[in-house]
Protein chains: 2
Amino acid sequence: MNVFNEPDPPTGRAAQKRATIAAVIAAAREEFEAVGYEAANIRAIARRAGVSAGTVIHYHADKRELLHAALFADLEATLAETLADLGRGRLATRLGRLTRGVFRYYEKRPKLSRTLLKESLFADEPWASRFAAQVARVHVEIARLASEAVSRGELRADCDGDGVATAYFAFFYFALIAWVQGGLPDPVALVDRMVQQHLAGLAPGTTTARQGKTTTHATRTEPGKRAESTKPSKRAQPTRRANTGKTGRRR
Amino acid sequence: MNVFNEPDPPTGRAAQKRATIAAVIAAAREEFEAVGYEAANIRAIARRAGVSAGTVIHYHADKRELLHAALFADLEATLAETLADLGRGRLATRLGRLTRGVFRYYEKRPKLSRTLLKESLFADEPWASRFAAQVARVHVEIARLASEAVSRGELRADCDGDGVATAYFAFFYFALIAWVQGGLPDPVALVDRMVQQHLAGLAPGTTTARQGKTTTHATRTEPGKRAESTKPSKRAQPTRRANTGKTGRRR
DNA sequence: CCGGTTCGTTGAACACGTTCATTGAACATA
DNA sequence: TATGTTCAATGAACGTGTTCAACGAACCGG
């Protein structure tokens with residue numbers, strides 16, 4: 001029983017293990033948020049958590065997994081919150097709210113947004129599946145919104161909610177990548193535009209039969225099937241920067 | 001003058017430098033293609049090139065830049081070739097050929113496709129700009145195809161070629177990411193579908209004014225402005241794999 | 001030709017992510 | 001209580017990307 005301000009360490013292996021894991025994850029989150037992913041190093045995180053570097057790596061396969069573990073819950077919370085706040089209105093309007101809500105997760109982390117996006121898109125297992133499941137949940141929600149839009153007469157009766165959701169994700173991630181690469185100041189506006197344009201093809205009064213060509217829609221974009229991304233562009237300026245070897249290097 | 005099968009090393013600093021750079025890039029490409037990015041290491045590449053590891057890094061800021069330098073020309077060649085072979089036909093058909101042609105670049109490199117995609121999408125300068133310029137060139141070409149489609153009456157007269165190109169890239173990269181993450185067996189088919197759906201909203205007989213809401217199109221998606229990507233999904237199966245700590249690790 | 005300068009190149013050293021043999025406290029059993 | 005087993009945790013060691021002081025040959029100017 002420690003009478004000082006320092007709480008007793010939990011006793012028992014299971015409890016100690018849980019406490020250690022929690023301390024490591026908290027320390028990692030703080031370190032990543034403070035200095036970014038590249039600058040954060042395992043030894044600093046270990047010190048912050050009061051354990052050894054070996055212990056940090058004991059509970060997470062590698063630095064990347066530690067990043068996922070440290071930030072995943074935040075993303076989950078953001079999604080839940082955003083989805084709960086989509087309100088009413090036209091499909092495009094609600095998707096716009098979704099875009100803004102989720103974008104905020106990245107926007108408020110200038111030091112981390114790029115790595116968070118990059119590493120989540122290309123995560124290894126088991127995190128690939130966790131992110132996939134996360135996206136699937138949003139996907140289902142978007143499909144639901146699309147169904148409501150059909151009911152309201154906003155979209156044609158034969159509209160495929162999955163197709164809408166898939167297109168939405170394509171636009172969203174495309175805009176996000178462009179933004180983290182510095183090539184797009186307002187990703188939200190771009191997503192809005194692309195969604196508008198896309199939904200235009202699904203509106204009542206339009207048909208799926210185009211210029212005599214049968215549109216062979218695949219029936220369902222499996223929720224587990226994601227992603228398309230565009231080259232993140234910076235500027236069209238190739239920034240020649242002649243390959244002067246290492247002349248300008250750290251010399 | 002060496003009479004054996006081994007050519008004389010070039011003399012003079014400039015010539016020597018050029019030869020060294022070329023040897024390093026060639027060795028890097030071979031090593032990356034042979035064992036993939038992660039398994040390839042600088043020391044092995046240096047040995048293959050007949051120089052020191054320090055020299056490899058002297059000419060390329062880091063391993064990632066070496067990857068870009070080693071493979072960029074291949075991508076350029078693939079794009080040029082593909083663009084030259086789009087043939088005639090409907091816009092969707094030609095875009096389909098573009099998709100297949102570029103997809104081949106990735107498909108024939110099972111060991112490298114994932115890293116190539118990941119690192120090109122999130123490249124640092126000066127490579128970010130180089131990739132951006134590359135995409136811009138394709139973007140302009142797609143916009144031109146869209147204009148032709150307008151002339152042929154395939155698309156409405158007020159269609160924005162840039163918008164078409166942007167959407168195309170969104171779909172393309174989305175599908176590619178899903179594919180490299182193992183969640184999408186046929187990315188080309190998905191791109192085709194999404195393009196079809198999107199172009200549906202641009203066809204003659206459809207209007208930009210939807211359900212009484214004015215569609216505020218941004219006029220031009222700057223070619224330097226790219227990218228949107230969707231979460232690459234694996235399967236919707238979260239692959240729980242309880243965080244059993246490092247039990248199953250290399251022990 | 002000679003001497004000073006430049007620069008391509010090297011390999012040892014360093015930093016960081018990661019591995020792994022070892023330790024000692026927690027735990028279980030007789 | 002004594003003893004054997006288990007496992008959370010450690011820190012030294014390792015592998016790899018990267019840095020950088022140093023070297024010697026190419027180069028330049030007098």
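Numbered from 1 within each chain, the chains take letters A, B, ... in sequence-line order.
Taking the charged nitrogens against the carboxylate oxygens, B/D124 and A/R114 do have a contact shorter than 4.0 Å, which makes a salt bridge. The existence of a salt bridge linking A/K108 and A/D74 is excluded, since no basic side-chain nitrogen approaches an acidic carboxylate oxygen closer than 4.0 Å.
Closest to the side chain of B/Y59, out of D/dG17, C/dG8, C/dC27, is C/dG8. In this structure, of C/dG17, D/dA8, D/dA9, it is D/dA9 that holds the atom nearest to the side chain of A/T20. When the nucleotides C/dT18, C/dC27, D/dA25 are ranked by their closest atom to the side chain of B/R13, D/dA25 comes out on top. Out of D/dT18, D/dA8, C/dG8, the shortest distance to the side chain of B/K17 is found at C/dG8.
Two residues, A/A39 and B/A53, neighbour DNA chain C, and the one matched to the more 5' nucleotide by heavy-atom proximity is B/A53. Residues A/N41 and B/V51 both approach DNA chain C. Their nearest nucleotides, taken by heavy-atom distance, put B/V51 toward the 5′ side.
A straight line from CD of A/E31 to C1' of C/dC16 spans 14 Å, rounded to a whole angstrom. Separating the CG atom of A/L66 from the C1' atom of C/dT18 is a distance of 13 Å, rounded to the nearest angstrom. Between A/L67 atom CG and C/dG17 atom P the separation is 12 Å, expressed in whole Å. A/K63 places its NZ atom 21 Å from the P atom of D/dG15, with the value rounded to the nearest Å. The interatomic distance linking A/D62 (CG) with D/dT16 (P) rounds to 16 Å, in whole Å. As a whole-Å value, the separation of B/R18 CZ from C/dT9 P is 12 Å. Between A/I42 atom CD1 and C/dT18 atom C1' the separation is 9 Å, expressed in whole Å. D/dG17 atom C1' lies 11 Å from atom CZ of B/R64, rounded to whole Å.
Among the heavy atoms of the strands lying under 4.0 Å from A/A40 are primed sugar atoms or P, OP1, OP2 only; no base atom is included.
Checking the phosphate oxygens (OP1, OP2) of D/dA9, a side-chain nitrogen or oxygen of A/Q16 falls inside 4.0 Å. When the side-chain nitrogen and oxygen atoms of A/S52 are compared with OP1 and OP2 of D/dA9, none of them lie within a distance under 4.0 Å. Taking side-chain N and O atoms only, A/T55 has no distance below 4.0 Å to OP1 or OP2 of D/dA8.
B/K63 places no side-chain N or O within donor-acceptor distance of the main-chain N or O of B/N41, the cut-off being under 3.5 Å.
One donor-acceptor pair, N or O on each side, does fall under 3.5 Å between the base of D/dG17 and the side chain of B/R43.
The line from CZ of B/R193 to CG of B/D186 is 8.0 Å long, rounded to the nearest 0.5 Å.
Centroid-to-centroid, the aromatic rings of B/F72 and B/W127 come within less than 6.0 Å.
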